[in-house]
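Remarks on the structure that follows.
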Amino acid sequence: MTLTRQLWILLTLTAVLAFGGTFIISMFSARDYMAGQLRLKNQDNAASLALTLSQLDKDLATLELLVSAQFDSGHYRSIDISDMDGKPLVTRENPALHFQGPQWLPQLFPIRVEPGFAEIQDGWNRFGRLTLQSDSSFVYLSLWQETKRLAFWFALGLLLSGGVGSLLLKRIVSPLNDVVGQAEAIGERRFIQIAVPKTREFSRVVLAMNALSGRIQRLLSDEAERLEELRRKSHYDPLTGLLQRQPFMNHLDSLLSHEDASSSGILIFGRISGLDTLNRTLGREVTDQLLRRVGENLNSFIEDKEGCCAGRIGGSDFALLVPGRDDVLCLAQEFSEQLHLSGDEANLSDERLMPVGATTFAPGEELSVLLSRTDGAMISAEREGGLAIEIADPSLKTVPFSDLKSWKNALDGALHPEDVKLAHYPVMGRNGLILHEECPVRVRLNGEWQTAAVVMPWVSRLGLLPKMDRLVVEKALIRLSQDSEGVGIHLSAEAMCDKSFCSDLVSFLQRSNSGMKGTLWIEVPESAVFRHLTQFRFLCEALKPFNCRIGLEHVGNHLKRIGQLHDLGIDFIKIDASLIREIDQQVGNQALVRGLCTIAHTIGLQVIAEGVKTNAEKEYLPQLGLDGMTGPAIKI
């Protein structure tokens, strides 16, 4: 019940009680006053008429004439003249007038007025007795009129006070809407801050809730900073600032298992030959300077390239991973230039041997095969000497088309509901129950169903991601309307930033929400969220009214910014497979995942592990606080 309604109820009850008390008191007072006046009137009129009759002849005609004149001049119930023995001489009576009002009034407030008595003299002798009774029905009419006037003024006062009180209450409690909004936001795991109102009682509540939100935000920020520092110490080479070998290989392995545009791309290896000789001849300080310059230049090179990472995979070996690209020769040349530039900046006058080997990789390719091919290309370049670059051509073609035009023609004809379907893989909770089904897209090309890992890189290059995501949403809603308890789908950054797509998504949900038997789980890549935080916030606000759960996938590469999630109201995060790989043996990753679970659980998020490959990983993950897991090792 709203405060305004409660105010009206309170005012109405107060007015009714006041009116009732006033009514009863005024009615009794008015009744007693009028009864007293009627009694005086009866007595005075009886005495006056008796005096007049005493001075006149006492014949019956005269008596009747004077009594009739008196009776007709006022509201009388009866006038009687009787002799001293009680024998009636003259009698005039009127029937009791019917009161034209509520009958409860005479019943609640009966009026009993004694008649007036007087003796009629005939000289010094007593002639008779006069009895005069006034009609009291007009008193009830007067009381009823007074009651209606009293009720009118009370009702008018109630309306005026209620209206003015409502306006004042609305103004006074206007900050309460912000307080309610903040409380609802906290219930949705959005820890926001609001302005402190002037009303003292509200300001105390707001200050307390703002303090709570502030503490949560600081906790997240501090824990994110700690995790980021832990990640840098455990994953990055302290001298170059590049990824160490194992984290780099884990990241590459996780990309190969993704079902999006990042599952294909370019891998480049480079080597600074003769580093041991350089260390012996020029000293460790010069060698370290060279390595630092390599790290700085490679980090600068990948800074504006989304999804790229560089690593030091050996004492003198470096690697560059570029997902979603196929211009391998161009990137290999730029990588070689960065190595050469580092030697110049380290003041090395002699030309160094810096071979570079590169190749492209396709979705689902075996990590060992990819590494062997790239390493072989670098060894071939090293044999050629100087700054040679060798490109290894993959022997296995896993894509149905080789050029952009062919892909465009194929996809233009395939992005229709009948040529698109959803696969399904279980996401299992720690209790062994299925949380939802992860549903990557499948597209039929030339009569064969292709995985998202094969199709999505080309869909992305052709700018067809919003169209593809529309089809995915439609398919997911159809499945939810049938028998699925939960369906998880992936949204691309391009679709999230497309206003028309967001409008269509809301329209789809409005039409389907009543028929959805399960829950729609929507996942957006972590990198896309932090690149387009405003658009993601808008998406969260738009989807919250529906039966949706919103979360981040591939979480783990932007730990420093994880505190920015405190006001988004998301429901879950999925930890990237690179942090899950061999986690039963990786102490550093164990601490990172445990810390991520602590942060997420602080704001009520579920934590799910991606890409669980082995039973050892599956058995160890619950010890770290994971709420669920998915991957090849998770089967129903």
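By convention here, the first residue in the shown sequence is residue 1.
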Give every residue pair that meets the ring-ring contact (aromatic ring centres under 6.0 Å, His included) criterion with at least one member in residues 542-565, sequence neighbours excluded.
-> H258-H554, F530-H558

Check step by step if side-chain hydrogen bond (donor to acceptor under 3.5 Å, both in side chains) holds for Q244 and H235.
-> CA-CA 6 Å; Q244 298 175 6; H235 285 190; over 6 Å; no

About how many Å separate CG of L370 and CG of L252, when rounded to the nearest 0.5 Å?
-> 5.5 Å

Does R549 make a cation-pi contact with W521, if we ask for NZ or CZ under 6.0 Å from the ring centre and within 45° of the axis?
-> yes

Point-to-point distance, once rounded to the nearest 0.5 Å, from CD1 of I575 to CD of E610 | 9.0 Å

Find out whether D327 and I266 are in side-chain contact, i.e. whether some heavy atom of one side chain is under 4.5 Å from a heavy atom of the other.
-> yes

Given the rule in the side chain to side chain contact (heavy atoms under 4.5 Å, CB included) test, do L239 and R312 qualify, once you have shown the distances and angles that lead to the verdict?
-> CA-CA 10 Å; L239 182 60; R312 185 184 181 188; 4.1 Å; yes

To the nearest 0.5 angstrom, please state how far the CD atom of E334 sits from the CD1 atom of I268.
-> 8.5 Å

Go through the steps to decide whether L477 and V473 satisfy the test side chain to side chain contact (heavy atoms under 4.5 Å, CB included), and finish with yes or no.
-> CA-CA 6 Å; L477 293 177; V473 170; 4.0 Å; yes

Looking at side-chain heavy atoms only, is the closest gap between V427 and K574 below 4.5 Å?
-> yes

With a 4.5 Å limit on heavy-atom distance, are the side chains of R470 and F501 in contact?
-> yes

H436 versus I608, closest heavy-atom pair with distance = CE1-CD1, 4.2 Å

How about T614 and E617: do any of their side-chain heavy atoms sit closer than 4.5 Å?
-> yes

F301 CZ to F335 CZ distance, which is reported to the nearest 0.5 Å = 9.0 Å

Can a cation-pi geometry be assigned to R245 and F248, taking NZ or CZ under 6.0 Å from the six-membered ring centre and within 45° of the ring axis?
-> no

Answer yes or no: is there a side-chain heavy-atom contact under 4.5 Å between V441 and M456?
-> yes

Considering only heavy atoms from C-beta outward, does the side chain of K613 approach that of D253 to under 4.5 Å?
-> yes

Can you tell me how far CD1 of I550 sits from CG of L539, rounded to the nearest 0.5 angstrom?
-> 5.5 Å

May I ask you to test the S234-L592 pair for a side-chain heavy-atom distance under 4.5 Å?
-> yes

Can you find a pair of side-chain heavy atoms, one from I522 and one from L520, that are under 4.5 Å apart?
-> yes

Taken to the nearest 0.5 Å, the spacing of L267 CG from L331 CG works out to 11.5 Å

